[in-house]
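Below: the structure, in structure tokens.
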Amino acid sequence: MAPGRTTAVADADIEAAVAAEAGWMEDVLARLVAAPTVLGNEEPGQAVMEQAFRDLGLEPQDIPLDAEAIRADPFSSPFSWDVSGKRNVVATWGPGGEGGRSLILNGHVDVVPPAAESLWTSPPFQPARRGDWLYGRGAADMKAGLIAMAGAVRGLRRLGVAPLAPVHLQSVVEEECTGNGALQCVLSGPRADACVIAEPHPDHITVAQVGVLWCHVDIRGAPAHAARASALGFNAIDAATTVTEALRGLEVELNRDPPPPYDAFEHPINLNPGVIRGGDWTSTVAAECTVSYRLALYPGEVPASLRQRVEETVAAAAAADPFLAEHPPVVRYDGFSCEGFALPYDEPVAVALAGAYARLLGAPPPLLATTATTDARHFVRSGIPAVCFGPRGEEIHGIDERVSISSMIQSAQVLAAFIQDWCGLTA
Ligand SMILES: [Zn+2]
């Protein structure tokens, strides 16, 4: 067949070819969930993905993280940890012709910690199948999405076709804390006409997201014997409550008049005190306390403005307390400091993906905004429109996180049909 000539494969044939890969997809997913890929330990998961890309008949490549290049980028988030030795694993399929539109399929291999291992029905890093659900930390967010991407390509390759423009598969690190992996792909990887991230966003396509700010507030106290706590000393852990209450006030303000599309949400901006550390002895008035907060910002706003409001809020709370006025809490930034975005609803990648979804599943999916952030922002701001769509999950970041295996296969089928529509296929 001449280059550029499109071969039309029936949706039913694509669905059957992807369904035939269900066993492979389930096997690789179980291996991937068994890899405890929390921050700093992503490599066992990347090894699984490297082999998975090889199983597609592709040649996987590394995109190593380069701390200096990341920090030099104006859209990077601050990070205090070492990223040397970390890698994204990528592979490119095609092109087998010319004239199509290129595509990035991206997913993150890192997961958040188990939250409270003792509360899980089965251990978080031992994948457990119960009915249609596969349980495990990261099963939904978003290891099944990575496998759906790979399964889509594997199913199409089974049909002996190739895309007219390249399909780039990317398994990245550090989505849950900075976006450093995706940023490195934007800096060192290929460009494409669009990107789909297979986050666990089922039954809809996500076209807008908030920005996220991580801030850490270091609070000083004055240690003393607890027996005389009421007369002596100043308790940093008690003061953390004062700071949190002040930031709750800021949260109320931020939710007062949301711009579209966030006016559809009752409470789009959420403040989360996620980690608290303080004190060193039960009978000593706590001398130090640090609280780590996550806060969100609307598309169009910049993290620097929110930082300023956080600092002003903490300073005002401190000024109202005689001890804190003399020993003001320090606000630090480490981790997410990123903008949101909102794509137009007629963005071609969203329209094409919705079209493939509608043909396979009977009705078009709504295009929605999310009150979380994803790596899509790095692609969007670099000029590559990016949307999220992927398998159905439950209890994401919670206890007994799980993913629907049938929805993983269905997502792969939709992605495969979309690849034909977007990239074109040739025999
Ligand atoms: Zn995710």
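The model shown is predicted, which means the values in this text are computed figures rather than measured ones. All values below were derived from every heavy atom in this structure, side-chain atoms included, with hydrogens, water molecules and symmetry-related copies excluded.
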About how many Å separate [atom2] of [Y] and [atom1] of [X], when rounded to the nearest 0.5 Å?
X      : Y      : atom1 : atom2 : value
Leu146 : Phe53  : CG    : CZ    : 6.5 Å
His225 : Thr284 : NE2   : OG1   : 7.0 Å
Leu368 : Ile205 : CG    : CD1   : 9.5 Å
Arg87  : Asp62  : CZ    : CG    : 4.5 Å
Asn180 : Ile70  : CG    : CD1   : 4.0 Å
Asp27  : Leu32  : CG    : CG    : 12.5 Å

Side-chain contact, heavy-atom cut-off 4.5 Å: [X] with [Y]?
X      : Y      : value
Trp422 : Pro348 : yes
Val310 : Tyr293 : no
Leu39  : Glu176 : no
Arg392 : Asp203 : yes
Leu29  : Ile405 : yes
Glu199 : His108 : yes
Val387 : Phe389 : no
Ile419 : Val167 : yes

Using every non-hydrogen atom in the two residues, find where [X] and [Y] come nearest and quote the distance to one decimal.
X      : Y      : answer
Ala296 : Leu254 : O-CD1, 4.4 Å
Ala236 : Gly221 : CB-N, 3.7 Å
Pro114 : Ile399 : O-CD1, 3.9 Å
Ser337 : Pro78  : CB-CD, 3.7 Å
Ala19  : Ile409 : CA-CG2, 4.3 Å

TODO: Report the C-alpha separation of Glu312 and Arg309 in whole Å, then their side-chain angles, then the decisive distance to 0.1 Å, and conclude whether the salt bridge (Lys or Arg N to Asp or Glu O under 4.0 Å) test is met.
DONE: CA-CA 5 Å; Glu312 286 167 0; Arg309 291 186 76 175; 6.0 Å; no
Task: Axial cation check for Tyr135 ring with Arg130, 6.0 Å and 45° limits - done: yes
TODO: Tell me, please, whether Phe79 has Arg71 positioned over its six-membered ring: NZ or CZ under 6.0 Å from the ring centre and within 45 degrees of its axis?
DONE: yes
Open item on the list: Between Met142 and Glu175, is the side-chain contact (heavy atoms from CB on, under 4.5 Å) condition met? List the steps.
Closed with: CA-CA 10 Å; Met142 55 163 284; Glu175 189 272 350; over 6 Å; no
Cut-off 3.5 Å, side chains only: do [X] and [Y] have a donor facing an acceptor?
X      : Y      : result
Glu174 : Thr178 : yes
Ser171 : Gln46  : yes
Gln51  : Asp55  : yes

Task: Pairing of Glu245 and Arg248 as salt bridge, 4.0 angstrom limit - done: no
Other residues, nucleotides, ligands: >12 heavy atoms within 6.0 Å of [X] [atom1]:
X      : atom1 : value
Arg359 : CZ    : yes
Glu311 : CD    : yes
Trp281 : CH2   : no

Open item on the list: As a quick check of understanding, evaluate side chain to side chain donor-acceptor pair (under 3.5 Å) for Thr373 and Gln209, giving each step before the final call.
Closed with: CA-CA 6 Å; Thr373 185; Gln209 63 185 45; 3.2 Å; yes
Open item on the list: Here's a test for you: under side chain to side chain contact (heavy atoms under 4.5 Å, CB included), which of Asp73, Asn88, Val83 qualifies with Gln184?
Closed with: Asn88
Open item on the list: My understanding is that only one of Glu401, Lys143, His397 makes a side chain to side chain contact (heavy atoms under 4.5 Å, CB included) with Val111; could you say which?
Closed with: Lys143
- [ ] Under the side chain to side chain donor-acceptor pair (under 3.5 Å) rule, what do Thr290 and Arg332 come out as? Steps first, then yes or no, please.
- [x] CA-CA 10 Å; Thr290 295; Arg332 286 183 294 113; 4.6 Å; no
TODO: Please work out which of the three classes, parallel, tilted or perpendicular, describes the rings of Tyr298 and Tyr262, given edges at 30° and 60°.
DONE: tilted
- [ ] Evaluate the side chain to side chain donor-acceptor pair (under 3.5 Å) criterion for residues Tyr333 and Ser77: first the C-alpha distance (whole Å), next the side-chain angles of each, then the deciding distance (0.1 Å), finally the verdict.
- [x] CA-CA 9 Å; Tyr333 303 98; Ser77 291; over 6 Å; no
